[in-house]
Amino acid sequence: MEIWKLIFYSIAMRNKILTALVLLLAAGGALFGAWRTEVATYLGSAEYREAGDYLLSNYQSLEAGDRPEASALLAFIFNKQGEANSERRWLLEYFETQAGANTDFSFLDIAVEGEVTAFLNGWRMKYPRLSGVYLVTHKGENFLSAPTSLVIGLEAPVEILYKFSDEKAPRQGGLLHRGLNLIALQAEGLFDASGTHVLTLDFKSGDIQLRKELALEVRLSAEPASAGQPRPMDLEYSLKMFVGGNQVASSRKTGRDKNPLDLNIPPVNLRANPMFKPPHSNDPFDPDNRGVSILDAINVAYGLLKDLFKNKQEPYQSSIEKQTSVTYTYFQGSPEGSGENQVSAVIMLRAKPARML
């Protein structure tokens, strides 16, 4: 008898749990996808104000996956009502907060779906925005002193009018093209101490003006350079131009020789060779005999020619890297003047959300 009571009790508890879940889903039904039906009904009847009021009152309670469609619809609804400021506010929400995510308006009437899609596609082609912000470096790049400049990469899906400013003043501006755009930032003062520097990007397209701030964080650490490990010496190149005997320009560059000449010639065979013996020498193992056998010479020449003419073409690989964090290691005189420090500089770049101007 006790077993049957236990079974009935378990069934009753399961039914109560299922009933509670059904009631919970019913209470939130308007926010669990059913909002699409409500909005489709309003828009099908051209009741734009009612559709906007409904979405505004429920937007914060929507699922994250529903917000791209909802924000784009709000921009469309305010456009239909001629409210430009509200339209721009929801375009910013769609392109910046929702990252211009893919949308599906198939729940709308066919005519309304086509109108909303055309509206959003029109803005996709001109809304000022970035798809990526990076620190751009060359692969294998090394520094023996603090870098004099940093390169910032701005990836744009559309052409944008822009102005770039540092903490002191505007530095450059013009047109960002589609794809990766490079901006050189002078590093004067950046490597003096740890800290965060704010860079500013202003965008403009039509009557939309945005500002996006970039936080450039610098973290420095130093330790005495090891006396037992000498620094590699750099080659120095100097170029000077003269006109009429007067120097008009000069340039100096240092850089490590990354491709030393290596012919891999075999060791000299000191064994006697009548063709290469020094005159008046009868010693078959004369150390003055520096001849190389003809066969050895032919093998070396053959190897060089074979290496010269063989197909060395490799798949193309970009020489640049796009990163949000870069570490530079270089040498710097210690503040006490007693030697050198090895400095590690970690640079991090973060893009903040854009805002309307």
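Below, each value reflects all heavy atoms present in this structure, side chains not excepted, and no hydrogens, waters or symmetry copies. We count residues from 1, following the sequence as given.
A heavy-atom distance below 4.5 Å is not found between the side chains of Lys139 and Ile320. Counting only heavy atoms from C-beta outward, the side chains of Glu340 and Gln332 never approach each other to under 4.5 Å. Side-chain contact between Leu73 and Leu55: present, with at least one pair of heavy atoms (C-beta onward) separated by less than 4.5 Å. Here the side chains of Leu216 and Leu135 are in contact, with some heavy-atom distance below 4.5 Å. Using a 4.5 Å cut-off on side-chain heavy atoms (C-beta onward), Val133 and Glu155 make no contact. The side-chain heavy atoms of Arg88 and Asp207, taken from C-beta on, include a pair separated by under 4.5 Å.
In this structure, a donor-acceptor pair under 3.5 Å is present between the side chains of Glu93 and Gln98. Using modelled atom types, one finds a donor on one side chain and an acceptor on the other under 3.5 Å when comparing Asn79 with Glu87.
Between the NZ atom in Lys212 and the CG atom in Leu130 there is a gap of 6.0 Å [rounded to 0.5 Å]. The CG atom of Leu92 sits 8.5 Å away from the CD1 atom of Ile208 when rounded to the nearest 0.5 Å. We find the OG-CD distance between Ser344 and Glu223 to be 8.5 Å, quoted to the nearest 0.5 Å. Put simply, CG on Leu199 and CD1 on Ile152 are 5.0 Å apart, with the number rounded to the nearest 0.5 Å. To the nearest 0.5 angstrom, Leu201 atom CG is 6.0 Å from Phe164 atom CZ. To the nearest 0.5 angstrom, Leu120 atom CG is 10.0 Å from Glu69 atom CD.
Among pairs with a residue in residues 106-130, those fulfilling salt bridge (charged side-chain N to carboxylate O under 4.0 Å, His left out) read Lys80-Glu115, at least two apart in sequence or across chains. Judged as a salt bridge (charged side-chain N to carboxylate O under 4.0 Å, His left out), the pairs with a partner in residues 157-167 (not counting sequence neighbours) are, in order, Lys163-Asp202, Asp166-Arg171. Legend: ring pair (Phe, Tyr, Trp, His ring centres under 6.0 Å) pairs involving residues 93-112, not counting sequence neighbours, sorted by first then second residue: Trp35-Phe107, Phe95-Tyr127.
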Run the numbers on Leu108 and Val116 for side chain to side chain contact (heavy atoms under 4.5 Å, CB included), then give the verdict. CA-CA 9 Å; Leu108 300 172; Val116 173; 4.0 Å; yes
- Full working for side chain to side chain contact (heavy atoms under 4.5 Å, CB included) between Phe203 and Leu176: CA-CA 10 Å; Phe203 300 141; Leu176 293 180; 4.2 Å; yes
Given side chain to side chain contact (heavy atoms under 4.5 Å, CB included), test Leu220 with Tyr328 step by step and report yes or no.
CA-CA 10 Å; Leu220 301 177; Tyr328 295 99; over 6 Å; no
inquiry  = Between Ile77 and Tyr42, does the side chain to side chain contact (heavy atoms under 4.5 Å, CB included) criterion hold? Intermediate values first, please.
reply    = CA-CA 11 Å; Ile77 289 168; Tyr42 284 130; over 6 Å; no
Go through Tyr134 and Glu321 one step at a time and tell me if the side chain to side chain donor-acceptor pair (under 3.5 Å) criterion holds. CA-CA 9 Å; Tyr134 311 98; Glu321 293 180 314; over 6 Å; no
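When the shell of 6.0 Å around NE2 of His138 is examined, it contains 12 or fewer heavy atoms from other residues, nucleotides or ligands.
Leu161 belongs to a hydrophobic cluster whose remaining members, ordered by chain and number, are Leu175; membership requires side-chain heavy atoms of ILVMFWY residues under 4.5 Å apart, directly or through intermediates.
Panel note: side chain Gln342, backbone Tyr330; no donor-acceptor pair is recorded below 3.5 Å. Side-chain N or O atoms of Ser71 include one that pairs as donor or acceptor with a backbone N or O of Pro68 at under 3.5 Å. Under a 3.5 Å cut-off, the side chain of Ser57 and the backbone N or O of Tyr54 do form a donor-acceptor pair.
Contact record, Thr196 with Ala215: CG2-CB, 4.2 Å, taken as the closest heavy-atom pair. Of all heavy-atom pairs spanning Pro128 and Leu210, the tightest one is O-CD1, 3.3 Å. Considering every non-hydrogen atom in both Ala70 and Leu62, the closest pair reads CB-CD1, 3.5 Å.
The cationic atom of Arg67 (NZ for Lys, CZ for Arg) lies less than 6.0 Å from the six-membered ring centre of Tyr59 and within 45° of the ring axis.
When ring centroids are compared, Phe76 and Trp123 stay outside the 6.0 Å threshold.
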Mind listing the side-chain donor-acceptor pairs of residues 177-189 below 3.5 Å, one per line with the distance, residues two or more places apart or on another chain?
unit_1 : atom_1 : unit_2 : atom_2 : d
Arg178 : NE     : Pro157 : O      : 3.2
Asn181 : OD1    : His177 : N      : 2.9
Asn181 : ND2    : Leu154 : O      : 3.2
Asn181 : ND2    : His177 : O      : 2.8
Asn181 : ND2    : Gly179 : O      : 3.1

Return all side-chain donor-acceptor pairs below 3.5 angstrom for residues 345-357, not counting sequence neighbours, or 'none' if the list is empty.
unit_1 : atom_1 : unit_2 : atom_2 : d
Arg350 : NH1    : Glu217 : OE1    : 3.1

